[in-house]
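Starting from 1, each residue takes its place in the sequence as its number.
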Amino acid sequence: MVLLLIEILIMSCTIILGLVKGGTLGSGVASVVALFIMLFIFHLPPSSPPVTAVLIIISIGIASGALQASGGMDYMISIATKIIRRFPKIITLVAPLVCFIFVFGMGTAMISLSLEPIIAETATKSKVNPKGALISSVLASNMALLCSPASSSTAFVIMLLMPFGVSLVTYLGIVLPSTLAAIVILSLILMILEKKTPFDESVLKEYKTSATVTSHSKSAKYSTFVFLGCVFCIILFGLMPDLLPQYKVEDKLVKIAASDLVQMFMYLSAAINILVFRVKSKTILATDAVRNALGAALIVLGLGWVGATVFGSPGNQVVLQTTIGQILQSNPWVIILICGFVAMIVGAQTAVAAIVFPLALSLNISPITLIIIVQCLNINFIIPAQPTLLLACELDKTGRTKPFSFIIPGFAITAFSIILSYGLTLFI
């Protein structure tokens, strides 16, 4: 047990040090250093690297980068902006739903960063306290990432659970409706609370009346339709696998693997942008979407590899089964505390999943249980280091949105999603 704790401590310290020094890229590279220590010093048998998950993340990053380079991302932001500004009095309800829908469709939270200034300005000009709208929008955007088939974090979680019989249908059937319902519940609660707080009209002078009209090229619009069409096809074939073509291999009928399907449609989206809309490859590779995907891929590769090596080692498995395994068997809800603690320290959803979920699965935690608690990967609001959170605090000219303002709503919406997800599993 002592040796296992030392290995976990070394792994955790190395990953956190890499995260502090170099962000997601540093964390991914540092985790490979931890892997080196486990193999050459502790002589643990190596596990297989999560190659398929890495390939999926790269394909999503290339497709998102092509969309961003073509101007499609800006086009989607302009549409979201129009919707938000159309319903200013109920912005606390509308804004988070808009953020959720667009992050779900795009698979990236970058769109949320662009919408937050619009949310804050629209709320303030309409004499609505922006605090509730900003808090719920930040939380909704994070939660949308774990619902979107075009998100690297969702792709990684599903890849982990697929060997245990979990399909895209099962995953989305639980996570998507429970998350949407949790967002609506929290937004309504925040609306009621915000109405009890008087609006400070002195902040209106911070905003000047301006009307800017931005035009978008036809290629930007078409690129968006192509990307969303490919995402729709992924969902469609995931929900209706019978539509997939069948192939006869050694007298057995086989179909395209779900992991390959995601990559094919994502690369198809990028290919159309390059070949038809003439988006330059250099421009795609220089986008934030591609850089973020590279960081996520390295996190999955490094953390997934070293985590599987440490927790999958035969000797460590025996220790885990006789200690943590017994606790989890009698009290499976403890995995919520473990996941929440790691998420609070590490922050990145994919990184947390790469650390906690392989451990939980090796200890015979039901994959359905992990789907129920999947939004615990978003408990990154306790330590205020998330860009969307910090930006929301800066944009609220009333000064009411503070870094700690997200803690209670964050725990509340996570609890709502867990309770609702558990309720849905009783009917599936």
Side-chain angles (χ1 to χ4, degrees), residues 64-145 147-148 150-151 180 183-184 186-187 190-191 194 199 203-204 206-229 231 287-289 292 386-398 401:
S64 299
L67 178 68
Q68 187 176 0
S70 70
M73 197 81 73
D74 293 333
Y75 173 62
M76 293 298 288
I77 290 170
S78 67
I79 295 176
T81 300
K82 291 177 182 178
I83 297 173
I84 289 172
R85 285 176 170 166
R86 190 172 181 179
F87 304 97
K89 291 300 181 181
I90 54 171
I91 192 170
T92 307
L93 176 62
V94 173
L97 290 176
V98 170
C99 286
F100 178 90
I101 292 170
F102 281 81
V103 172
F104 174 83
M106 298 290 102
T108 174
M110 289 190 297
I111 195 169
S112 176
L113 283 170
S114 301
L115 291 177
E116 283 182 37
I118 308 300
I119 294 169
E121 179 182 356
T122 303
T124 305
K125 286 183 175 180
S126 303
K127 298 182 181 181
V128 176
N129 287 310
K131 179 180 177 180
L134 288 170
I135 290 175
S136 55
S137 296
V138 169
L139 296 174
S141 299
N142 288 342
M143 298 180 84
L145 289 173
C147 299
S148 172
S151 162
L180 274 171
I183 292 170
V184 171
L186 178 68
S187 299
L190 292 176
M191 281 183 66
E194 283 301 312
F199 179 78
V203 300
L204 289 173
E206 298 282 344
Y207 296 97
K208 296 180 180 179
T209 303
S210 59
T212 57
V213 179
T214 305
S215 60
H216 299 277
S217 63
K218 289 184 178 180
S219 61
K221 298 177 182 179
Y222 294 153
S223 175
T224 302
F225 300 149
V226 168
F227 182 88
L228 293 177
V231 173
T287 59
D288 292 333
N292 292 339
Q386 188 184 359
T388 51
L389 185 154
L390 297 175
L391 179 61
C393 297
E394 183 180 344
L395 289 171
D396 186 356
K397 302 302 181 182
T398 66
T401 305

When rounded to the nearest 0.5 Å, the distance separating CG of D396 from CG of N129 is 8.0 Å

So CE of M73 and OG1 of T224: to nearest 0.5 Å the spacing works out to 9.0 Å

Minimal heavy-atom distance between V231 and G105, with the atoms involved, is CG2-O, 3.9 Å

Under 3.5 Å, is there a donor-acceptor pair between the side chain of S70 and the main chain of L67? yes

Taking every heavy atom of P130 against every heavy atom of T124, the minimum-distance pair comes out as CG-OG1, 3.9 Å

- Side chain of E116, backbone of L395: donor and acceptor closer than 3.5 Å? no

Is there a donor-acceptor pair under 3.5 Å between the side chain of S148 and the backbone N or O of F104?
yes

**Message:** E194 vs V128, test: side chain to side chain contact (heavy atoms under 4.5 Å, CB included). Steps then yes/no.
**Reply:** CA-CA 8 Å; E194 283 301 312; V128 176; 5.8 Å; no

Smallest heavy-atom separation, Y75 atom then A220 atom, equals CD2-O, 4.4 Å

> Is there side-chain contact between T398 and K131, with at least one heavy-atom pair below 4.5 Å?
Replying inline: no

All heavy atoms of A150 vs all of M106, minimum pair found to be CB-O, 4.2 Å

* To do: Kindly say whether K89 contributes a backbone atom to a donor-acceptor pair with the side chain of S126 at under 3.5 angstrom?
  => no

Check your understanding: Are any side-chain N or O atoms of S136 and backbone N or O atoms of A133, one a donor and one an acceptor, separated by less than 3.5 Å?
Key -> yes

Applying side chain to side chain contact (heavy atoms under 4.5 Å, CB included), run through L93 and M191 and close with a yes or a no. CA-CA 7 Å; L93 176 62; M191 281 183 66; 3.7 Å; yes

Output for pair (S114 OG, D74 CG), nearest 0.5 Å, gives 7.0 Å

Between the CG atom in L180 and the CD1 atom in I101, the distance rounded to the nearest 0.5 Å is 7.5 Å

Heavy-atom closest pair (I183 atom, A140 atom, distance to 0.1 Å) is CD1-CB, 3.7 Å

From the list L115, V138, L134, side-chain contact (heavy atoms from CB on, under 4.5 Å) partner of T388 resolves to V138

In terms of heavy-atom contacts, L113 and L391 come closest through O-CD2, 3.6 Å

Exercise. Yes or no on side chain to side chain contact (heavy atoms under 4.5 Å, CB included) for F102 and S112, after CA distance, side-chain angles and deciding distance?
Worked result: CA-CA 8 Å; F102 281 81; S112 176; over 6 Å; no

CD1 of I91 to NZ of K125, rounded to nearest 0.5 Å, is 11.5 Å

dist I119:CD1 -> C99:SG (nearest 0.5 Å) comes out at 4.0 Å

